[in-house]
J.: 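My questions all concern the structure below.
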Amino acid sequence: MHEKSLKPANPLHAAVNLLSASILIVDDEPANVKLLERTLQTFGYRELVSTTDPRQVQELFWKHDFDLIILDLNMPHLDGFEVMRQLQTLGLDFLPPILIVTAQLEQEHRVRALQSGAHDYITKPFVVEELLARVRNLVQVQLYQKSIRERNQWLEERVRDRTRELYDTRLQIVRRLGRAAEFRDNETGLHIIRMSKMSTLLGETSGMSNEDCELLLNASPMHDIGKIGIPDHILLKPGKLDPHEWEIMKTHSAIGAEILSGDDSELLKMASIIALSHHEKWDGGGYPNNLKGEEIPLVGRIVAIADVFDALTSVRPYKEAWTLAATMEYIDGNRGKHFDPRLVDIFHQRFAEILVIKNSYAEPECAAN
């Protein structure tokens, strides 16, 4: 369904001015049109639009924000019933009220008109006072309803703006926390940009919704936030970790999940899941919970392959960057072991786009091979 645009001037304090109503008059007889115009103008209505050709109604309807349509029934080309039918097919949430002014006296015409969408019915020749009263009543209800809709729309926009502001603020905090973890690990912050965009690409191809892909884009930079809790002598050790140190290092997954837990935000919920699960392996040999296959959340499996690819092809203080060939040989060799086989296939499918991401966000001095 659609709704014609509303333009609230001051929706919380709008005064309803009946004489400001925009009225469309549709009658094939020019004399009838003139009579209706003079009658309404005498009472003070000024926003009047008229036509003697019912085929013009739809065009005029889109050009003006009518508050009332005064419609004849018996007209050439299109009768009043067909005009109402066409207006009903526009798919609008709100149509202006329709007042039938016709020479048709039969009860069946009155009933049919009201069933077709008319709000009131008056016969010609009409009594001026009756016409004005019916016009006033219909316009009054329409303008009050419009005022309420405009007020609600204004309030909804305020809520949306405030919600977006809160979301953006939370998002900035999340991104900075993700970068803080990377800086502790001698990263520039570009790694989390690359791997998050790669993850989103894989998520899209895996069938994730647009909303979930946006969450993945913004949650995946938090995957290693738990490194904040790892002592420097282990986190920054240039050589290989001994078994005890490695056990401590592995706790960063649970630490990250704990840091991100306890909030009802969908973003932080996904970030917590990723932090906990992105070191799990398809064959069950990962950590911290030795999950296997599809027991591992999809977002964890996606981040695992994107994170490893970018880490291997990037320079680290303790290693040179691997070549693309060597990296893909490692990923293919771990298909069904470390990595979800389907995601490895998707990785190959989107490989050209993954390289575009990698090169677009290359390290300032050490672009990947």
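Because the structure is predicted, anything quoted here is derived from the model rather than measured.
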J.: A quick test of your reading: do over 12 heavy atoms of other residues, nucleotides or ligands sit less than 6.0 Å from CD of Glu329?
T.: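 No, not enclosed.
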J.: With the side chain counted from C-beta on, respond yes when Met222 and Ile259 share a heavy-atom pair under 4.5 Å apart, and no when they do not.
T.: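 No, their side chains stay 4.5 Å or more apart.
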J.: Work out which heavy atom in Leu291 is nearest to a heavy atom in Pro297; give both atom names and the distance.
T.: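 Here Leu291 and Pro297 meet closest at CD1-CD, 4.4 Å.
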J.: Could you tell me whether a side-chain N or O of His119 sits under 3.5 Å from a main-chain N or O of Ile98, the two making a donor and an acceptor?
T.: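 It does hold such a pair.
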J.: What I'd like to find out is whether the side chain of Leu95 reaches to under 4.5 Å of the side chain of Ile69, using heavy atoms alone.
T.: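 A side-chain contact under 4.5 Å is absent here.
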J.: Got more than 12 heavy atoms from elsewhere within 6.0 Å of CD, Glu258?
T.: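 No, not enclosed.
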J.: Only pairs at least two apart or in different chains count here, so list each salt bridge (charged side-chain N to carboxylate O under 4.0 Å, His left out) that has a residue in residues 126-139.
T.: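 Of all non-adjacent pairs touching residues 126-139, those that pass salt bridge (charged side-chain N to carboxylate O under 4.0 Å, His left out) are Asp120-Arg134, Glu130-Arg134.
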J.: In sequence, state the C-alpha distance, the side-chain angles, and the governing distance for Lys358 and Ser314, and then conclude on side chain to side chain contact (heavy atoms under 4.5 Å, CB included).
T.: CA-CA 10 Å; Lys358 179 171 178 57; Ser314 300; 4.1 Å; yes
J.: Is there a side-chain contact between Ile228 and Ile255 in this structure, where contact means two heavy atoms from C-beta onward sitting under 4.5 Å apart?
T.: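 Contact flag for Ile228/Ile255 side chains = no.
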J.: Can you list everything that forms a side chain to side chain donor-acceptor pair (under 3.5 Å) with Glu165? Sequence neighbours excluded, please.
T.: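 Expected list: Arg162.
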J.: Let me see the working for Asp310 and Tyr361 under side chain to side chain contact (heavy atoms under 4.5 Å, CB included), right down to the final yes or no.
T.: CA-CA 11 Å; Asp310 192 71; Tyr361 299 93; over 6 Å; no
J.: Counting distance only, does the side-chain N/O of Gln140 pair as donor-acceptor with the main-chain N or O of Leu18 below 3.5 Å?
T.: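 Such a contact is absent between Gln140 side chain and Leu18 backbone.
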J.: Indicate yes or no: at least one non-hydrogen side-chain atom of Leu202 is less than 4.5 angstrom from one of Met208.
T.: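 They are not in side-chain contact.
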J.: Got a second to check how far Asp307's CG is from Ser199's OG, nearest 0.5 Å?
T.: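 Nearest 0.5 Å value for the CG-OG distance: 8.0 Å.
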J.: Could you check if a side-chain atom of Pro97 sits within less than 4.5 angstrom of a side-chain atom of Val141, using non-hydrogen atoms only?
T.: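 Counting from C-beta outward, Pro97 and Val141 never come under 4.5 Å.
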J.: Could you pull out all donor-acceptor pairs under 3.5 Å where a side-chain atom in residues 210-219 meets a protein atom, sequence neighbours excluded?
T.:
residue: Asp212; atom: OD2; partner: Ser209; partner atom: OG; Å: 3.4
residue: Asn218; atom: OD1; partner: Arg175; partner atom: NH2; Å: 3.0
residue: Asn218; atom: ND2; partner: Glu214; partner atom: O; Å: 3.0

J.: Should Leu87 and Leu90 count as side-chain neighbours, where that means a heavy-atom distance under 4.5 Å?
T.: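 Touching, per the 4.5 Å side-chain cut-off.
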J.: Filter on side-chain hydrogen bond (donor to acceptor under 3.5 Å, both in side chains), then keep only pairs touching residues 94-106, sequence neighbours left out; what's left?
T.: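 Listed by first then second residue: Glu106-His109.
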J.: With hydrophobic residues grouped by side-chain heavy-atom distances under 4.5 Å, do Leu138 and Leu131 end up in a single group?
T.: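 In one cluster with Leu138: Leu131, yes.
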J.: Write down the atom of Val303, the atom of Met195, and the distance for their closest heavy-atom approach.
T.: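 Reported closest heavy-atom pair: CG1-CE, 3.5 Å.
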J.: Apply ring pair (Phe, Tyr, Trp, His ring centres under 6.0 Å) to Tyr330 and list each qualifying residue two or more places apart in sequence or on a separate chain.
T.: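 Only Trp322 meet the ring pair (Phe, Tyr, Trp, His ring centres under 6.0 Å) criterion with Tyr330.
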J.: Taking Glu108 first and then Arg112, would you say they form a salt bridge - that is, a charged N and a carboxylate O separated by under 4.0 Å?
T.: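 The answer is no: the pair does not qualify as a salt bridge.
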J.: Can Ile23 and Ile70 be said to form a side chain to side chain contact (heavy atoms under 4.5 Å, CB included), step by step?
T.: CA-CA 7 Å; Ile23 300 175; Ile70 298 177; 4.0 Å; yes
J.: Excluding sequence neighbours, so at least two apart, what forms ring pair (Phe, Tyr, Trp, His ring centres under 6.0 Å) with Tyr45?
T.: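 Phe43.
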J.: State which residues pass side-chain contact (heavy atoms from CB on, under 4.5 Å) with Lys34; sequence neighbours excluded, sorted by chain then number.
T.: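 Residues passing side-chain contact (heavy atoms from CB on, under 4.5 Å) with Lys34: Glu37, Arg38.
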J.: Under the 3.5 angstrom rule, does the side chain of Ser147 hit a backbone N or O of Tyr144 as a donor-acceptor pair?
T.: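 Judged by distance alone, no pair lies under 3.5 Å.
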J.: Please round to the nearest 0.5 Å and tell me the distance separating atom CD1 of Ile234 and atom OG1 of Thr251.
T.: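 Interatomic distance, Ile234 CD1 to Thr251 OG1, rounded to 0.5 Å: 8.0 Å.
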J.: Can you tell me how far CD of Gln88 sits from CZ of Arg85, rounded to the nearest 0.5 angstrom?
T.: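 Arg85 atom CZ to Gln88 atom CD measures 10.0 Å (nearest 0.5 Å).
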J.: According to a hydrophobic-cluster definition based on side-chain heavy atoms being under 4.5 Å apart (Ile, Leu, Val, Met, Phe, Trp, Tyr only), do Ile100 and Leu114 belong together?
T.: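 Different clusters: Ile100 never reaches Leu114 through Ile, Leu, Val, Met, Phe, Trp or Tyr contacts under 4.5 Å.
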J.: Leu268: what forms a side-chain contact (heavy atoms from CB on, under 4.5 Å) with it, not counting sequence neighbours?
T.: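 Leu268 satisfies side-chain contact (heavy atoms from CB on, under 4.5 Å) with Val174, Leu260, Asp263, Ser265 only.
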J.: Closer than 3.5 angstrom, by distance alone: can the side chain of Thr205 be matched with the main-chain N or O of Leu201 as a donor-acceptor pair?
T.: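 Yes, because the side chain of Thr205 sits within donor-acceptor range (under 3.5 Å) of the backbone of Leu201.
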J.: To the nearest 0.5 Å, what is the distance between CG (Asp283) and CG (Asn290)?
T.: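 Asp283 atom CG to Asn290 atom CG measures 10.0 Å (nearest 0.5 Å).
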J.: Sequence neighbours left out, what passes side-chain contact (heavy atoms from CB on, under 4.5 Å) with Arg160? Give chain and number order.
T.: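 Testing Arg160 for side-chain contact (heavy atoms from CB on, under 4.5 Å), a comparison that skips the adjacent residues, returns Glu156, Glu157.
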J.: Kindly give the heavy-atom pair with the smallest separation between Met198 and Ala306, and that separation in Å.
T.: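 For Met198 versus Ala306, the nearest heavy atoms are CB-CB, 4.0 Å.
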J.: Answer whether the closest heavy-atom distance between the side chains of Trp154 and Arg158 falls below 4.5 Å.
T.: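 Trp154 vs Arg158: side chains touch.
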J.: So which atom in Thr327 and which in Phe309 form the shortest heavy-atom distance, rounded to 0.1 Å?
T.: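 Scanning both residues, the minimum pair turns out to be CG2-CD1, 3.5 Å.
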J.: Spell out, yes or no, whether Ile25 and Val139 are grouped together once hydrophobic residues are joined by side-chain heavy atoms under 4.5 Å, including indirect joins.
T.: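 Ile25 and Val139: one cluster.
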J.: Write down the atom of Met75, the atom of Asp72, and the distance for their closest heavy-atom approach.
T.: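 Scanning both residues completely, I find the closest heavy atoms to be CE-O, 3.2 Å.
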J.: Applying a strict under-4.5 Å side-chain criterion to I, L, V, M, F, W and Y, I'd like to know whether Phe81 and Val111 cluster together.
T.: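 In one cluster: no.
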J.: Between Lys146 (side chain) and Arg149 (backbone), is there a donor-acceptor pair under 3.5 Å?
T.: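 Judged by distance alone, no pair lies under 3.5 Å.
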J.: So for atom CD, which belongs to Gln349, do other residues, nucleotides or ligands contribute more than 12 heavy atoms lying within a distance under 6.0 Å?
T.: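 More than 12 within 6.0 Å, yes.
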J.: Ignoring hydrogens and geometry, is there a side-chain-to-backbone donor-acceptor pair from Asp67 to Ser22 under 3.5 Å?
T.: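 Checked: pair present.
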J.: Can any side-chain N or O of Ser272 pair as donor or acceptor with the backbone N or O of Lys269 at less than 3.5 Å?
T.: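 Answer holds: no.
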J.: What residues, two or more places apart in sequence or in another chain, satisfy ring pair (Phe, Tyr, Trp, His ring centres under 6.0 Å) together with His279?
T.: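 For His279, the residues satisfying ring pair (Phe, Tyr, Trp, His ring centres under 6.0 Å) (neighbours in sequence not counted) are His252, Tyr287.
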J.: Applying side-chain hydrogen bond (donor to acceptor under 3.5 Å, both in side chains), which residue pairs with at least one partner in residues 332-346 are found, sequence neighbours left out?
T.: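 Listed by first then second residue: Arg301-Asp340, Asp332-His348, Arg335-Asp345.
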J.: If hydrophobic clusters are built from ILVMFWY residues whose side chains come within less than 4.5 Å, do Trp62 and Val83 share one?
T.: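 Trp62 clusters together with Val83.
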J.: For residues Ala254 and Leu276, report the shortest heavy-atom separation together with the two atoms involved.
T.: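 So the minimum-distance heavy-atom pair works out to CA-CD1, 4.0 Å.
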J.: Would you say Phe126 and Leu35 make side-chain contact, with heavy atoms under 4.5 Å?
T.: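 Yes, their side chains come closer than 4.5 Å.
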J.: If the threshold is 4.0 Å, N to carboxylate O, is there a salt bridge linking Asp53 and Arg55?
T.: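 Here Asp53 pairs with Arg55 in a salt bridge, since their nearest N and O are under 4.0 Å apart.
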J.: Please check: side-chain N/O of Glu245 versus main-chain N/O of Asp242, any donor-acceptor pairing under 3.5 Å?
T.: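 Yes.
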J.: Taking only residues two or more places apart in sequence or in another chain, which ones pass side-chain contact (heavy atoms from CB on, under 4.5 Å) with Lys292?
T.: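 Partners of Lys292 by the side-chain contact (heavy atoms from CB on, under 4.5 Å) criterion, ordered by chain and then number, come out as Glu295.
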J.: For a side chain to side chain contact (heavy atoms under 4.5 Å, CB included) check, start with the C-alpha distance between Ile148 and Arg151, then their side-chain angles and the critical distance, and finish with the verdict.
T.: CA-CA 5 Å; Ile148 291 171; Arg151 180 181 184 274; 5.6 Å; no
